[in-house]
Visitor: 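Please find one structure pasted underneath; my questions will follow.
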Number of protein chains: 2
Amino acid sequence: MAKIRERNRELIIQAASEIFAAQGFAATKTVDIAEQAGLPKANVYYYFKSKKNLYRSVIVSVIEPLLQAATPFYQDDDPATVLEQYIRAKIRVSQQHPSASKVFASEIMHGAPHLPDDIAAQMMEQTRVSSHKIQSWIDRGLMDPVDPHHLLFTIWASTQTYADFDWQISRVTGKDKMTQRDYDIAADQLTRLILKGCGVQATQTSDA
Amino acid sequence: MAKIRERNRELIIQAASEIFAAQGFAATKTVDIAEQAGLPKANVYYYFKSKKNLYRSVIVSVIEPLLQAATPFYQDDDPATVLEQYIRAKIRVSQQHPSASKVFASEIMHGAPHLPDDIAAQMMEQTRVSSHKIQSWIDRGLMDPVDPHHLLFTIWASTQTYADFDWQISRVTGKDKMTQRDYDIAADQLTRLILKGCGVQATQTSDA
DNA sequence: GTCTATACTAGGATAGAC
DNA sequence: GTCTATCCTAGTATAGAC
């Protein structure tokens, strides 16, 4: 039954994402992944051959939502709209895919030794498109003359922090887990900060 | 000779900071630390008893510059001055102590399992003081009514990113290493973004 | 296709010579 | 106080029964 195969691979990847996110690659034991997935350890090796290989599969599986967040840059050309949608999308990723975000952060922080070239290339391409778009807004006088790259770094960092550094956030706010309302406040405030900070003219935006 | 003792401990801690930062705790081999420090492995155990213990010592040793960055909040009461000085101090830490920043980021990301309580307490106390000060500026109408915690999260994230995610930054900018000028640009832009974004009135600031 | 039982090795830790 | 040689556990990986 190929269905079982698919299902088990899915279970293992899901379990692995969480544990890799929580502990990091090296600290993760394949036994723990197997346990979390409710399968014997040998099964993990049967499906993925090696721990490294499984890790690569996890990376590929978590990349999707991260890349997806950049779509606003491809769908619109109004700075206020795009930046707001982008920030909200990035915060949503942190909220809904915290493990993906952490696995990635850890991978990048250690110099991306396992990141497949084509994924790295896709990320670079998105960055290129986004920063060109920002530059074009600047050229058209729609916002202050900021350095597009640094603006992106700021947005990436301050949205991902809600996933990657959740421990710290939880300590500071005194809440075990952020509520939907907390994420909304974070997104609202960051949007206002960035738009106002870059001198972007407010336009009619959807109330997402 | 107690001098040798001091010197060797110093060498080991220095080497360990770099390797823990680059690889993470679990992926780091004590042999590599010993090699980097130019000492035999047993020496590392002689001085630090265990890998975990060495790691804790590293954490304590790297905390100093990180805590130091918050001094502007204790020395002044003008929002433009304090925020600018704080952002510049944080960026300087990322530039001058990238390993410290990474070790910490990694520790926090994994739920701070090794962070000594007193250090965590100091960080919380600093956060408390900083956010109270921000709130007082808001109450006095010196800046927009933002959520102080979220503002701090944004500043932390976007300054630390220059150390923690240097790989990504290097890929995007196409530069192997950021120059002094690059750090200055980053600090200038982030300062302007935050001050303007929070509606802080510009005041006479030192040209640091 | 699944899993139990086992082989193999890396790497943390230490005993004991100098 | 220093370091060489060795121990031993933990954890990856697999052989082979079901």
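Labels below follow one simple rule: chain letters A, B, ... track the order of the sequence lines, proteins then strands, and each chain is numbered from 1. Just the heavy atoms: all of them, side chains too, but no hydrogens, waters or symmetry mates, feed the values below.
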Visitor: Please state how far atom NZ in Lys51(B) lies from atom P in dT14(C), giving the value in whole angstrom units.
Guide: 15 Å
Visitor: Run the side-chain hydrogen bond (donor to acceptor under 3.5 Å, both in side chains) test against Gln122(B) and tell me which residues pass, sequence neighbours left out.
Guide: none
Visitor: Nearest whole angstrom, please: distance from the C1' of dA13(D) to the CG of Asn53(A).
Guide: 13 Å
Visitor: Can you list the residues that meet the ring-ring contact (aromatic ring centres under 6.0 Å, His included) rule with Trp156(A), with sequence neighbours excluded?
Guide: Phe153(A)
Visitor: Going by heavy atoms closer than 4.0 Å, what residues in residues 16-33 of chain A are next to DNA chain C?
Guide: none
Visitor: Residues two or more places apart in sequence or in another chain: which of them pass side-chain hydrogen bond (donor to acceptor under 3.5 Å, both in side chains) with Arg56(A)?
Guide: none
Visitor: Within less than 4.0 Å of OP1 or OP2 of dT14(C), is there a side-chain N or O belonging to Tyr45(B)?
Guide: no
Visitor: Just to verify, what does Glu10(B) make a salt bridge (charged side-chain N to carboxylate O under 4.0 Å, His left out) with, not counting sequence neighbours?
Guide: none
Visitor: Give Tyr47(B) one of three labels, base, sugar-phosphate or nothing, depending on what nucleic acid heavy atoms sit under 4.0 Å from its own.
Guide: sugar-phosphate
Visitor: Enumerate donor-acceptor pairs with a distance under 3.5 Å from any side-chain N or O in residues 42-49 of chain A to protein atoms, sequence neighbours excluded.
Guide:
unit_1: Tyr45(A); atom_1: OH; unit_2: Thr30(A); atom_2: OG1; d: 3.3
unit_1: Tyr46(A); atom_1: OH; unit_2: Arg5(A); atom_2: NH1; d: 3.4
unit_1: Tyr47(A); atom_1: OH; unit_2: Asn8(A); atom_2: ND2; d: 3.2

Visitor: For residues 103-115 of chain A, which residue pairs pass the salt bridge (charged side-chain N to carboxylate O under 4.0 Å, His left out) check, not counting sequence neighbours?
Guide: none
Visitor: Provide, to the nearest angstrom, the distance between the CG atom belonging to Leu11(A) and the P atom belonging to dT2(C).
Guide: 12 Å
Visitor: Return the set of residues passing side-chain hydrogen bond (donor to acceptor under 3.5 Å, both in side chains) with Asp76(A) (not counting sequence neighbours), or none when no residue passes.
Guide: none
Visitor: Would you mind writing out the side-chain donor-acceptor pairs for residues 59-73 of chain B within the sub-3.5 Å range, not counting sequence neighbours?
Guide:
unit_1: Ser61(B); atom_1: OG; unit_2: Val58(B); atom_2: O; d: 3.0
unit_1: Thr71(B); atom_1: OG1; unit_2: Gln68(B); atom_2: O; d: 3.0

Visitor: Using five pairs at each end of the helix from dG1(C)-dC18(D) to dC18(C)-dG1(D) to define an axis, what is the angle between those two axes, to 10°?
Guide: 0°
Visitor: Distances under 3.5 Å only, N/O to N/O: pair up the protein atoms with those of nucleotides 3-6 of chain C.
Guide:
unit_1: dC3(C); atom_1: OP2; unit_2: Asn43(A); atom_2: ND2; d: 2.4

Visitor: Is there any ring pair (Phe, Tyr, Trp, His ring centres under 6.0 Å) pair reaching into residues 5-30 of chain B, and which pairs are they, with sequence neighbours excluded?
Guide: Phe20(B)-Phe25(B), Phe20(B)-Tyr55(B), Phe25(B)-Tyr55(B), Phe25(B)-His114(B)
Visitor: Can we say Asp144(A) and Lys196(A) salt-bridge, meaning some charged N sits less than 4.0 Å from an Asp/Glu carboxylate O?
Guide: no
Visitor: Before you tell me yes or no, could you show the steps for Gln160(B) and Lys90(B) under side-chain contact (heavy atoms from CB on, under 4.5 Å), namely the whole-Å CA-CA distance, both residues' side-chain angles and the distance that decides it to 0.1 Å?
Guide: CA-CA 7 Å; Gln160(B) 289 168 202; Lys90(B) 291 282 291 178; 3.2 Å; yes
Visitor: Roughly how many Å is it from CZ in Phe48(A) to P in dT14(D), rounded to a whole number?
Guide: 16 Å
